[in-house]
Amino acid sequence: MPSIAQALQRIPPGTALLFFIQLVATLGYAVLYSTLVLYATQSLKFSNEQATAMMGVFGAFNYGLHLVGGWMGGRFLSNRNLFVIGMLLQVAGCELIAQGGSSNLQWGLALFLTGSGLNVTCLNMMLTQRFAPEDERREAAFLWNYAGMNIGFFIGFAVAGHYQLTQRYPELFWFATWGNAAAVLLTLLWWRTLADRDTPLLQASPAQWRLRLLGGLAGVALLVPLLAWLLQNPAETSSSLKAFCLLVALYLLVLTLRHPIAVERDRMKAFLVLTLGSLVFWSLYQMAPSGLALFAQSNVSMQLWGQQIAPQWVQNINTVVIVIGAPLLAELFRRLRERGLWVDVPQQFALALLLMALGFLALPLGIHFAAADGRSDFAWLALSYVLQSLGELLISPIGYAMVGKLIPKQHQGLMMGSWMLVTGLASLFAADFSGMVAQPADGLAATSNPAYQLLFTQLGLGALVTAGVLVGLVPWLKRLIDR
């Protein structure tokens, strides 16, 4: 059996390091992602509608700025420089939120989102640069990295749930601060190992490099007050962001249709179609920290074997499935390929949507069999999360790896950011869905159950129809990809 040292020699330098950086870099985001709505409603006394709208904008900026990070990284600042700057902004943001109050939350989120928005694409680009386009190890590396991220989520959710039950929010946000700082430390200790490879910035003259550095730093500095201002009116900001996403989609379509090389153009077309299908998946998935968290808190019996379950702990169902399933899926794909069998990307996306549909259709069944007090059994919520997580495992890390496979090098940073921008747009739609069920004045589960049952049924059936459409498109998409 090969030793760990022998296994590490078979992968490009920096790949294993990025696994651990991904793990600790995730802690701060995991805390805010799982706690923001609960903190806003319970500690700052936001209404459910205000809290879910803020959560939608939070997700939109976090993922939407990945597009900006993909454009800036390797052009204005190296990916490792931009990553460190982003993590330092996250440190400052979490520290400010820990001070408490609505104003500190607004400016803390502006700092945090600028950092998290810009640096995630940089980390993914540092990873993908370590593999040649034809290197089949890339997919396994992204699956392992995705597992590392979900270990970070598991730790973050577990700690967040502990402090949630005791309402010790300042201590929770300080934990997030130190987690972000650990990612900075690891990057600095292995600075040379994470150097950029084959980026436009490396071709710049010293004078051009200095000019781009100043431009990049100025852009980062301007983003913080801009986000703080936009966070003041989340409803209006949501509409503006949706319009921006539409413009980006039109730009990517034109960019694809005008691409001069036919084979590459066809692959870019396939990428856009699959990205559109993923929008449906992520719009439902992103309801976990908002609509599903509120549903769990008020309409589900949050007891297991006599123990109280914090809402954040429910999301660890997702992390357990991902951490266990990602390496197993990588091994399964390897064995299938050795036998000449190939599960292609369009089929994986269709299966992911089917699992998401089943996950949401499980919730109305739980409501149908609810107890006398109107609360559903926890098992139905857990089943929904398991199905959603299996779908995520098929669509998310494969989507990252798909960029390196289907997109020409000169557009990879932009398309990596666009892939993440879709998740940001999905956060806005998830906030819209979550706000459709207002909490009743009497606070009883039985009063809001019919609205939740109708909503979950409609969303589940919508995902099921989308999966069917994608299945029908599989032969055409395979021809585009395999040309």
Side-chain angles (χ1 to χ4, degrees), residues 16-39 43 55 58-59 61-63 65-66 69 80-100 104-105 107-124 126-127 144-191 194 224 288-289 310-313 315-316 318-320 322-323:
L17 173 62
L18 287 167
F19 170 88
F20 291 103
I21 292 176
Q22 177 74 79
L23 191 159
V24 293
T26 303
L27 295 177
Y29 180 75
V31 167
L32 287 181
Y33 175 82
S34 63
T35 306
L36 189 56
V37 167
L38 300 172
Y39 171 65
S43 182
M55 186 66 208
F58 172 86
F61 279 133
N62 175 71
Y63 291 105
L65 285 175
H66 295 343
R80 62 178 175 177
N81 274 333
L82 190 54
F83 176 77
V84 168
I85 291 170
M87 292 308 305
L88 289 173
L89 289 172
Q90 289 184 221
V91 168
C94 287
E95 182 179 354
L96 189 58
I97 294 171
Q99 307 304 317
N104 285 337
L105 176 65
W107 279 97
L109 287 178
L111 286 164
F112 184 92
L113 288 170
T114 301
S116 66
L118 296 178
N119 66 22
V120 173
T121 310
C122 296
L123 194 149
N124 283 313
M126 285 189 286
L127 182 59
W144 275 101
N145 218 48
Y146 206 65
M149 180 178 68
N150 279 275
I151 293 173
F153 272 120
F154 184 91
I155 297 170
F157 291 160
V159 173
H162 169 72
Y163 286 113
Q164 170 72 31
L165 291 176
T166 54
Q167 301 286 294
R168 292 151 61 195
Y169 289 113
E171 294 175 50
L172 172 59
F173 296 132
W174 274 111
F175 165 80
T177 301
W178 288 111
N180 294 329
V184 176
L185 180 61
L186 284 176
T187 306
L188 295 178
L189 287 174
W190 281 275
W191 185 254
L194 298 176
V224 177
Q312 293 95 329
W313 294 348
Q315 296 187 48
N316 265 336
N318 171 273
T319 62
V320 170
I322 297 298
V323 170

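- Between M55 and P289, the closest heavy-atom pair is CE-CG, 3.7 Å.
- Side-chain contact between L111 and I97 is absent, with no heavy atoms from C-beta onward closer than 4.5 Å.
- Looking only at side-chain heavy atoms (C-beta outward), L18 and L194 come within less than 4.5 Å of each other.
- Within 6.0 Å of atom CH2 in W178, 12 or fewer heavy atoms from other residues, nucleotides or ligands are found, so the atom counts as exposed in its surroundings.
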Steps toward side-chain contact (heavy atoms from CB on, under 4.5 Å) verdict (L89, N119): CA-CA 10 Å; L89 289 172; N119 66 22; over 6 Å; no

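- Among all heavy-atom pairs drawn from L82 and C122, the shortest one is CD2-SG, 3.5 Å.
- At least one donor-acceptor pair under 3.5 Å links the side chain of R80 to the backbone N or O of W191.
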Chi angles and distances behind the side-chain contact (heavy atoms from CB on, under 4.5 Å) call for Y39, L32: CA-CA 9 Å; Y39 171 65; L32 287 181; over 6 Å; no

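- Checking each of Q164, Q315, H162 against F157 for a side chain to side chain contact (heavy atoms under 4.5 Å, CB included) leaves exactly one that passes, namely Q315.
- Minimum interatomic distance between C94 and N180 (heavy atoms only, all atoms of both residues): SG-ND2, 3.5 Å.
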Stepwise side-chain contact (heavy atoms from CB on, under 4.5 Å) test for L172 and T35: CA-CA 10 Å; L172 172 59; T35 306; 3.8 Å; yes

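- Note that OG1 of T177 and CG of L27 are 11.0 Å apart. Values are rounded to the nearest 0.5 Å.
- Every side chain to side chain contact (heavy atoms under 4.5 Å, CB included) that L88 has, sequence neighbours left out, goes to V84, V184.
- Using a 4.5 Å heavy-atom cutoff, the side chains of E95 and F173 are not in contact.
- In terms of heavy-atom proximity, S34 sits nearest to A160 at OG-CB, 3.8 Å.
- A distance of 6.5 Å separates CG in L17 from CH2 in W190, rounded to the nearest 0.5 Å.
- Rounded to the nearest 0.5 Å, atoms CG (N104) and CG (L96) are 4.5 Å apart.
- Residue S43 holds its OG atom at 9.5 Å from CG of L105, rounded to the nearest 0.5 Å.
- Aromatic ring orientation, Y29 versus F112: parallel (interplanar angle below 30°, classes split at 30° and 60°).
- Residue A158 comes nearest to W313 through the heavy atom pair O-NE1, 3.0 Å, listed as atom of the first residue, atom of the second, then distance.
- Residues V31 and V159 fail the side-chain proximity criterion, which asks for heavy atoms closer than 4.5 Å.
- Between L123 and N145, the closest side-chain pair of non-hydrogen atoms falls below 4.5 Å.
- Taking the six-membered ring for Trp and the full ring otherwise, the centers of F175 and Y163 sit at least 6.0 Å from each other.
- T26 pairs by the side chain to side chain contact (heavy atoms under 4.5 Å, CB included) definition with Q22, M149, F153, not counting sequence neighbours.
- Between the CG atom in L185 and the CG atom in L189 there is a gap of 4.5 Å [rounded to 0.5 Å].
- The salt bridge (Lys or Arg N to Asp or Glu O under 4.0 Å) pairs that include a residue from residues 163-176 are R168-E171, where partners are two or more places apart or lie in different chains.
- Rounding to the nearest 0.5 Å gives a distance of 12.0 Å between CZ of F19 and CG of L127.
- Under a 3.5 Å cut-off, the side chain of N316 and the backbone N or O of Q312 do not form any donor-acceptor pair.
- Here the closest heavy-atom approach between residue G28 and residue A176 is recorded as CA-CB, 3.7 Å.
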